[in-house]
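Heavy-atom basis, side chains included; hydrogens, waters and symmetry copies ignored. Residue numbers begin at 1 in each chain, while the letters A, B, ... track the order of the sequences. Note that this is a predicted model, so its numbers are computed, not measured.
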Amino acid sequence: NAGVMQNPRHLVRRRGQEARLRCSPMKGHSHVYWYRQLPEEGLKFMVYLQKENIIDESGMPKERFSAEFPKEGPSILRIQQVVRGDSAAYFCASSPEGRMFNEKLFFGSGTQLSVL
Amino acid sequence: AQKITQTQPGMFVQEKEAVTLDCTYDTSDPSYGLFWYKQPSSGEMIFLIYQGSYDQQNATEGRYSLNFQKARKSANLVISASQLGDSAMYFCAMREISGTYKYIFGTGTRLKVLA
């Protein structure tokens, strides 16, 4: 039973390029969350998605960042025209139902984005 | 707005001793869940323990227990009989039932267990 799969583990981009981070939730999970973690800092909420719907994107910058979770396939976090400040670890997590407050999040291993 | 505060950036504890990691939260919602996660140096996030706002008893999971004081809005993690493998970052998190059900995390506490 595979856990939350994120790829790539490491992604290097030059300033101005696009970064695409992928997340496949655990089997049976239909809710995906993206978090960003800077070194020695906590997890900052970015976006919460359900299949084909964005539930909450209050933590995501308005420009250059977008996220989707299509009916088929993984969730994608896209960062356009990356800048050095985008360098961080990006974690994806999933949960099954989305409406029970005792549901724990299952995390992927993260994608470390480095912008040169 | 909901908020999680972890005021201890770093903690040291002697092996085999107990340690308490502090977590306070702010919410106006009567229904919420509180979680603790561990992040070792390898980077993965490991779920440790959960406490619901209506739970009458403090949660326990092996060497982990949660000191839940609802009136003070605190949910401190207690690790008993610390082991070297407990050295890691520890994050407190909360999920509200109102709003969009998202989870928010504190800034974490780095625990170092000394031999």
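In this structure, NZ on B/Lys102 lies 11.5 Å from OH on A/Tyr48, to the nearest 0.5 angstrom. Distance OH/A/Tyr35 to CD1/B/Ile104: 8.5 Å, rounded to 0.5 Å.
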- Task: Mind running side chain to side chain contact (heavy atoms under 4.5 Å, CB included) on A/Leu43 and B/Met45 for me, showing each step along the way?
- Result: CA-CA 10 Å; A/Leu43 292 169; B/Met45 295 287 288; 3.3 Å; yes

- Derivation and outcome, side chain to side chain contact (heavy atoms under 4.5 Å, CB included), residues B/Tyr37 and A/Leu105: CA-CA 10 Å; B/Tyr37 282 83; A/Leu105 286 177; 3.4 Å; yes

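Only the side chain of B/Gln39 comes within contact range of chain A, judged by heavy atoms closer than 4.5 Å. Contacts of B/Tyr90 with chain A are absent, with no heavy-atom separation under 4.5 Å from either backbone or side chain.
Contact annotation for residues 11-24 of chain A against chain B (heavy-atom separation below 4.5 Å): no residues qualify. Along residues 53-79 of chain A, the residues that come nearer than 4.5 angstrom to chain B, judged on non-hydrogen atoms, are A/Ile55, A/Asp56, A/Ser58 in order of number.
Linking Ile, Leu, Val, Met, Phe, Trp and Tyr whenever their side-chain heavy atoms come within less than 4.5 Å puts B/Phe68 and B/Trp36 in one cluster. Residues B/Val19 and B/Met89 do not share a hydrophobic cluster, defined by chaining ILVMFWY side chains whose heavy atoms lie under 4.5 Å apart. In terms of hydrophobic clustering, with Ile, Leu, Val, Met, Phe, Trp and Tyr side chains grouped at heavy-atom distances under 4.5 Å, B/Tyr64 and B/Leu21 are assigned to a common cluster. Follow the hydrophobic side-chain contacts under 4.5 Å out from B/Tyr54 and you reach B/Tyr50 in the same cluster. Using a 4.5 Å cut-off between side-chain heavy atoms of Ile, Leu, Val, Met, Phe, Trp and Tyr, with links allowed through other members, A/Val4 and A/Tyr90 fall into different hydrophobic clusters.
Heavy-atom pairs under 4.5 Å with chain A were tallied for B/Ala93, B/Gly33, B/Ser53, B/Gly108; the largest tally goes to B/Gly33. With respect to chain B, the highest number of heavy-atom pairs below 4.5 Å among A/Gln37, A/Gln112, A/Lys44 belongs to A/Gln37. By number of non-hydrogen pairs under 4.5 angstrom with chain A, the leading residue of B/Tyr32, B/Phe105, B/Phe91, B/Phe47 is B/Phe105.
Counting heavy atoms from C-beta outward, A/Lys104 and B/Phe35 have side chains that approach closer than 4.5 Å.
The environment of CD in A/Gln81 is sparse: at most 12 heavy-atom neighbours from other residues, nucleotides or ligands sit within 6.0 Å. For B/Lys70, the NZ atom sits in a packed shell: over 12 heavy atoms of surrounding residues, nucleotides or ligands are nearer than 6.0 Å. By the neighbour-count criterion of 12 heavy atoms within 6.0 Å, atom NZ of A/Lys51 is densely surrounded, having more than that number from other residues, nucleotides or ligands. With a 6.0 Å radius and a threshold of 12 heavy atoms from other residues, nucleotides or ligands, A/Met5 has its CE atom at or below the threshold.
No donor-acceptor pair under 3.5 Å is formed between the side chain of B/Tyr103 and the backbone N or O of A/Tyr33.
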